[in-house]
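For reference, the structure is listed below as structure tokens.
The shown structure was predicted, so the numbers you read here are calculated from the model rather than taken from an experiment. Atoms considered below: every heavy atom in the structure, side chains included; atoms not considered: hydrogens, waters and symmetry mates.
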Amino acid sequence: MSNPFARLSLNTMTTKNWTLRQAAEATAAAGLPAIGVWRDRVAESGVELSAKILRDNGLRVSSLCRGGFLTGVDDGPAAVDDNRRAIDEAATLGAPELVMVMGGIPDRDLVGARARMAQRLADLVPYAAERDVRLALEPLHPVFCADRAVICTLTQALELAAPHPARSVGVVVDTFHVWWDPALAGAIAAAGAQGRISSFQICDWLVPMAADPLVSRGMMGDGVIDFAAIGALVRDAGYVGDVEVEIFNEAVWATDGSTVLETMKQRYHDLVWPTLAG
């Protein structure tokens, strides 16, 4: 039997209170091959030491989170510069994908925000391509449109990616953000056909939600998402990359990280892997 955890990746946000070294060592000890890294963890150690920590633990980097926030009215040059730094960090870490959360609405002009986002993305694509880093556009649930992401569906993300080569701009399928979308099946199939699926991130949608939707992500199996159904769509679209567990949840963060890892492995084994294994 193949290793059920050969594609499983811990996103460092799931064990938020761990340093990068703690997360890397625990991930390797748990027998996982990959880790998704947030930039705050990299900043604590510095990018060169962070890269060494990951290499020393034998881990591949499934993605770096996050770039984006390209919708501001007056901060365009600063935002582009910060994204260039993020691209450089991804290249140094060996992360093939830089997850892009594209930004919310700084005023009441949604159309203008989306136009600025598209132009600034276009400015960044050649820089990322030169460094062999793909910009992975992540649509967020519409509840986050105002403050975090004016891309709300996978279809919108594909439309934004369309002018650019698939090797340079991809899309993220995050179950928390896309599970509700009635057009999801067609969008995932299209993303696969275009070779644009950059990342498959998983966690659950809790009912009832936390007061703050941002921290209302749950461990797989604790909410309403059908992981077998979405997993089948991703599998049939031809995605064979890593599967990141990324959870924002105060109770999960307060739990011992080793316990979180073991629970994560068991839920992935029971709810996600059987479908991906096909």
Side-chain angles (χ1 to χ4, degrees), residues 9-28 32-72 75-103 117 120-138 140 148-149 151 157 160-161 164-172 174 196-201 241-246 248:
S9 175
L10 170 72
N11 185 288
T12 60
M13 188 57 72
T14 302
T15 52
K16 183 179 180 180
N17 294 321
W18 272 349
T19 66
L20 181 62
R21 184 180 297 279
Q22 288 173 313
E25 291 176 351
T27 298
L32 303 188
I35 191 166
V37 182
W38 271 70
R39 293 180 71 197
D40 58 346
R41 296 284 83 93
V42 174
E44 291 171 355
S45 301
V47 65
E48 297 292 345
L49 179 56
S50 295
K52 184 178 186 302
I53 289 170
L54 297 171
R55 287 195 306 270
D56 288 349
N57 282 280
L59 298 173
R60 62 177 177 263
V61 183
S62 50
S63 73
L64 178 66
C65 294
R66 57 177 161 63
F69 285 84
L70 296 171
T71 57
D75 63 348
V80 169
D81 286 346
D82 182 63
N83 277 271
R84 287 180 178 141
R85 287 191 293 273
I87 291 165
D88 290 339
E89 290 168 14
T92 301
L93 294 170
E97 315 285 347
L98 174 64
V99 174
M100 304 286 286
V101 176
M102 298 306 288
M117 169 194 65
R120 291 165 186 169
L121 174 67
D123 292 341
L124 287 166
V125 168
Y127 190 89
E130 289 174 359
R131 287 149 184 82
D132 200 25
V133 173
R134 182 157 64 166
L135 304 178
L137 311 181
E138 182 170 18
L140 268 58
R148 283 184 172 79
I151 302 174
L160 182 60
H164 310 291
R167 66 181 180 276
S168 298
V169 182
V171 297
V172 178
D174 184 324
R196 290 195 189 269
I197 302 180
S198 288
S199 177
F200 182 34
Q201 295 182 331
D242 290 321
V243 183
E244 285 187 19
V245 176
E246 183 186 51
F248 293 63

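- Listed by first and then second residue, the salt bridge (Lys or Arg N to Asp or Glu O under 4.0 Å) pairs involving residues 14-23 amount to none (not counting sequence neighbours).
- No side-chain heavy atom of Leu64 sits less than 4.5 Å from a side-chain heavy atom of Val133.
- Listed by chain and residue number, nothing satisfies the side-chain hydrogen bond (donor to acceptor under 3.5 Å, both in side chains) test with Asp40 (two or more places apart in sequence, or in another chain).
- Rounding to the nearest 0.5 angstrom, the gap separating the OG1 atom in Thr92 from the CZ atom in Arg131 is 10.0 Å.
- Considering CD1 of Ile87 and CG of Asp82, their distance stands at 10.0 Å, rounded to 0.5 Å.
- Among all heavy-atom pairs drawn from Leu10 and Thr14, the shortest one is CD1-CB, 3.8 Å.
- For the atom pair Arg41 CZ and Glu44 CD, the distance stands at 4.0 Å (nearest 0.5 Å).
- With values rounded to the nearest 0.5 angstrom, Glu246 atom CD is found 7.5 Å from Ser63 atom OG.
- Scanning all heavy atoms of the two residues, the minimum distance from Arg134 to Val169 falls at CG-N, 3.7 Å.
- More than 12 non-hydrogen atoms from other residues, nucleotides or ligands lie less than 6.0 angstrom from CZ of Arg60.
- Counting only heavy atoms from C-beta outward, the side chains of Met100 and Asn83 approach each other to under 4.5 Å.
- Counting non-hydrogen atoms of neighbouring residues, nucleotides and ligands closer than 6.0 angstrom, the CG atom of Asp56 exceeds 12 such neighbours.
- A donor-acceptor contact closer than 3.5 angstrom is absent between the side chains of Glu97 and Ser199.
- A salt bridge does not link Asp123 with Arg120: none of the charged nitrogens is closer than 4.0 Å to a carboxylate oxygen.
- Salt bridge Arg85/Asp88: absent, no basic N to carboxylate O contact under 4.0 Å.
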